[in-house]
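First the structure, in the form of structure tokens, and then the observations on it.
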Amino acid sequence: MTAPATSNFYRLHPRVQQWIASKKWPSLREIQELAIPPILAGDKDVIITAATAQGKTEAAFLPVFSQLVDQPAKGIQVIGLGPLKALINDQHRRLSAIGDCLDVPVCPWHGDIGSGPKQRLLKQPAGVLLITPESLEALFVLRGQELNRLFASLSYIVIDEMHSFISIERGRQLQSLMQRVEQVVGRPVPRIGLSATLGDMSLAAEFLRPGQQERVQLVQSFAKGDELKLQLRGYRSSPTPDPDEEEDETTPPPDALDIAQHLFQSLRGEKNLIFINSRRQVERYADILRNLSAEYRVPNEFMPHHGSLSKELRAEAEEALKRDHPVNVICTMTLEMGIDVGAVQSIAQIGPPSSVASTRQRLGRSGRRAGDPAIMRVYVSVPQLDSYTSPEQALYPDLVQAIAIINLLLEGWYEPPIAGRLHISTLIQQLLSSIAQQGGIRADQAWHDFCEAGPFQEMEQGLFIKLLRCLGERDLIQQSQDGLLLLGLKGERLVNHYTFYTAFSTTEEYRISTPENVLGTLPTSMPIAEEMVLLFAGRRWQVQSVDSEKQVVMVVPADGEGQAPRFGGSSGFVHDRVRQTMREIYRSTDMPVYLDDTAKTLLKEARTQFRDCGLDQEYIVGEDEQVLLFPWRGSLVMNTLQMLLLDSGLKASQEGLAIKVKGVEPDELMPYFQSLVNLGPANPLRLADVVRTKRSEKYDWVLTDELLNHNYVARFFDPQGTWETVSEICSGG
DNA sequence: GACCTGCTGCGGGTTG
């Protein structure tokens, strides 16, 4: 150890010091030093944030273990929550290495863990429990009466990859579960959150301890990651297809062949990750690259990995990454975090990334060995301009979005958490779960625990009462003589099914299978016919039979051209800041150094097209009988603005960066916008009536129109931001 | 044209 005498190292328990000494680490990392005092103090919540591969897990757990050795107790002392089963397995491996030396048991608990270890822990609760939010939910529902015995001496709650929970249903469930744990033990338990990509620290603190940010201490290391090597490669795609003609689904477009050719030449013989924005594209590239390998008579080193592949096929790709052989895995966000893939030489990203945070997360997969640079190649293609190209497409939005995201990444900015969502669906789950856990709850107590002093602080009391009434009418809950809320018949059925434990909703799927192996799943929304040739799991298959009853698609290996499945789904939100940065890039003349020659030429063209249609001066561009409005804002403002226009009887649709309005002239829109400015921010609830499809969360089917509207507008509208945008457009700023 | 995550109890068979 080269640590100075004042090092916090010496505050750790001697047995923990011994363990560290046995590892022969040259010294503790900065983040590991800094985390020791606040965690040992045990009177505050702590956020630990540092670049990837800086040892955040150890930063949290060295002082946590120190405390456990210092003050041994019966019962579970630490709950470690993680977003992925694979991550929990990985943490278990790393932490039990320490725990074994200190006689502190570490128990993994999730759906793939057999009943043996679970029963042993229930019989003899001790040490560290590593668990998913869903499995913790199951413990509350099924073992409500035993929780006190299990958790009475709980000292810490640790959340791994905290960013992956923030702003989504699962995160709200996690917050609620932490609060319910504290209620069971009757005191606050220090919470420790770990992440590399938290945008706004005060909002991250708000997530960790809602309403009590002052309790949260930030431990941040500014130790820079290693060098970053970056290239953005530009490609021209084929001419925009005639919209009247059917798209040919089986022949790859020339730009995809060019990109695949470059991947093939530059990545073979190494170990790399290739990120693509959709599962369909993963399958297309896997097919092209397999064919290239066959053409050149070399072994295929490209394997697909995405969420619709079976566990076995995914494990195969993961195992290949761990072995000491060249392999390139083509994946969606499935390999953004999770399994330790070891050292990969580089990251490729095909198509524009949609968020800064996920790009940073992907980049963290490369250059993990000290001294190795992180390498990322971004491939973006733009359409060939012809008579079908719209002015919006001629701005090459994909290219400029990729540049905007890279620039924001280099500035160190990440998307902050989204505030204001009601999460009514998750509140329903938590109410039902809490009733199951305790046998019944009082309405006023539930209001206090979940909303007034709990994680659902955006709910107003009036709305909460309406929700209880709605749940009563739908027979999810009922009220007993003495005023206790109990489960209704339907509520009972929901809670007793194993799908209850997840907060997020899922779509119906077919299983796709050969006589020997399950390959994965396909959404039932996809039209499938017998004889059809599909690209799946990096190979070609012919459909033999479809069993709609058992929901199974049987396939056999096939030759010939096939098409990649459409998996459906919706794209992620783009943040306002990304769109505003895009506008700055169009207006600037700076040429980013990481662009290749084609990308430089394309950026120059995009800027010329931006000026030529007057967007350097105006927000609205006229085109015969229709206008394109460029608000330079993210998804929420775009949605709100589109609905405002539709509400006024205008034919408005979203076209990438722009909103297209048919049948008007630019001059006619300005007086309308001026009236919107004068009226002030719109009433979003009235606007929600315009929207036809509002169900997206798990229990939305339960809600009355009024509750559904409230839930929808809190999630998909931004009236204030939209009013500011319209004001900006009117003032010409 | 568009991501991802997760889940229990129980019965019946096999193996040590």
Side-chain angles (χ1 to χ4, degrees), chain A residues 81-88 109-115 118-119 122 131-143 160-161 163-174 177 237 240-241 243 247 249 253 256 275-284 305-309 311 314 331-339 349-355 357-359 361-362 381 383 393 397-398 401 426 429 433 436 494-507 509 520-521 523 525-526 563-574 635 654-656 696 698:
Chain A
L81 286 147
L84 303 173
K85 292 184 283 194
L87 209 58
I88 286 174
W109 185 307
H110 55 67
D112 294 347
I113 302 285
S115 60
K118 291 177 178 171
Q119 291 304 325
L122 291 173
I131 194 166
T132 59
E134 289 75 16
S135 284
L136 187 56
E137 190 77 62
L139 276 178
F140 270 90
V141 171
L142 301 169
R143 306 190 180 269
D160 195 23
E161 304 282 8
H163 65 275
S164 72
F165 292 110
I166 297 181
S167 299
I168 59 174
E169 295 291 286
R170 233 180 153 197
R172 189 55 62 96
Q173 175 187 29
L174 176 63
L177 286 169
S237 96
T240 325
E247 191 198 344
E249 300 226 339
F275 287 98
I276 309 193
N277 295 336
S278 75
R279 288 169 282 194
R280 182 176 170 84
Q281 294 279 45
V282 167
E283 292 294 353
R284 281 184 174 163
H305 190 286
H306 58 73
S308 293
L309 291 184
K311 204 164 89 178
R314 287 164 68 166
C331 58
T332 57
M333 64 182 290
T334 43
L335 289 179
E336 228 170 72
M337 58 181 184
I339 62 137
Q349 162 74 41
I350 301 179
S354 67
S355 88
S358 83
T359 310
Q361 205 69 34
R362 290 172 186 191
S381 50
Q393 289 172 311
D398 282 1
Q401 179 170 319
T426 306
Q429 182 210 31
S433 171
L494 289 174
V495 170
N496 286 331
H497 196 265
Y498 67 91
T499 53
F500 174 73
Y501 311 121
T502 50
F504 53 88
S505 65
T506 48
T507 50
E509 289 171 331
T521 57
S525 58
M526 186 188 158
Q563 65 181 76
R566 290 170 197 277
F567 292 93
S570 56
S571 59
F573 284 178
V574 177
S635 313
Q654 289 191 43
E655 308 268 308
S696 62
K698 190 172 180 184

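Each chain gets a letter, A, B and so on, in the order its sequence line appears, and its residues count up from 1. Given the structure is predicted, the values throughout are model-derived calculations rather than measurements.
- The distance from atom CZ of A:Arg170 to atom P of B:dC3 is 18 Å, rounded to the nearest whole Å.
- In this structure, the CZ atom of A:Arg143 is 6 Å from the P atom of B:dG9, given to the nearest Å.
- A:His306 comes within contact range of the sugar-phosphate backbone alone, with a heavy-atom separation under 4.0 Å but no base atom that close.
- A heavy-atom distance below 4.5 Å is found between the side chains of A:Phe165 and A:Pro83.
- Atom NE2 of A:His110 and atom P of B:dC7 are 7 Å apart (whole Å).
- Side-chain atoms of A:Thr426 and A:Glu169 include a donor-acceptor pair closer than 3.5 Å.
- Rounded to an integer number of Å, the gap from CD of A:Gln563 to C1' of B:dG1 is 14 Å.
- The side chain of A:Arg280 has B:dA2 as its nearest neighbour among B:dC3, B:dC7, B:dA2.
- Comparing A:Thr499 and A:Phe567, the nucleotide of DNA chain B nearest to each residue sits closer to the 5' end for A:Phe567.
- Across all strands shown, A:Phe504 has heavy atoms under 4.0 Å from base atoms, whether or not it also approaches the sugar-phosphate.
- Atom OG1 of residue A:Thr506 and atom NZ of residue A:Lys698 lie 7.5 Å apart, to the nearest 0.5 angstrom.
- Note: NE2 (A:His497) to C1' (B:dC10) measures 14 Å, nearest angstrom.
- Where stacking is scored as ring centres under 5.5 Å apart with planes under 30°, A:Phe500 does not register as stacked on the base of B:dC7.
- Closest approach to the A:Arg279 side chain among B:dT8, B:dG6, B:dC4 is made by B:dC4 (side chain taken as heavy atoms from C-beta onward).
- Side-chain nitrogen and oxygen atoms of A:Thr332 include at least one within less than 4.0 Å of the OP1 or OP2 phosphate oxygen of B:dC4.
- For A:Ser278 and B:dA2, the shortest distance from a side-chain N or O to OP1 or OP2 is below 4.0 Å.
- Spacing between atom CD of A:Gln361 and atom P of B:dC4 amounts to 16 Å, rounded to whole angstrom units.
- At a cut-off of 3.5 Å, with distance as the only test, a side-chain donor of A:Thr334 or A:His305 sits close to an acceptor on the other residue.
- Of the residues in residues 134-142 of chain A, those placing a heavy atom less than 4.0 Å from an atom of DNA chain B are A:Glu134, A:Ser135, A:Ala138, A:Leu142, in numerical order.
- To the nearest angstrom, C1' of B:dC3 lies 13 Å from NE2 of A:His305.
- Between A:Ile131 and A:Ile88, the shortest heavy-atom contact is C-CD1, 3.4 Å.
- Each of B:dG1, B:dC4, B:dT5 was ranked by its minimum atom distance to the side chain of A:Arg566; first place goes to B:dG1.
- Residue A:Thr132 places at least one side-chain N or O closer than 4.0 Å to OP1 or OP2 of B:dC7.
- The stacking criteria are not both satisfied for A:Tyr498 over the base of B:dC7, which would need a centre-to-centre distance under 5.5 angstrom and an angle between ring planes under 30 degrees.
- Pairing each heavy atom of A:Thr359 with each of A:Pro353, the nearest pair is OG1-CB, 3.2 Å.
- Here the CD-NZ distance, from A:Glu134 to A:Lys85, works out to 9.5 Å after rounding to the nearest 0.5 Å.
- Side-chain nitrogen and oxygen atoms of A:Arg314 include at least one within less than 4.0 Å of the OP1 or OP2 phosphate oxygen of B:dT5.
- The interatomic distance linking A:Trp109 (CH2) with B:dG6 (C1') rounds to 16 Å, in whole Å.
- Nucleic acid contact class of A:Arg362 (heavy atoms, under 4.0 Å, all strands): none.
- Base engagement by A:Thr502 is indicated by at least one non-hydrogen atom pair under 4.0 Å involving a base atom.
- When all heavy atoms of A:Gly82 and A:Pro133 are compared, the pair lying nearest together is O-CD, 3.6 Å.
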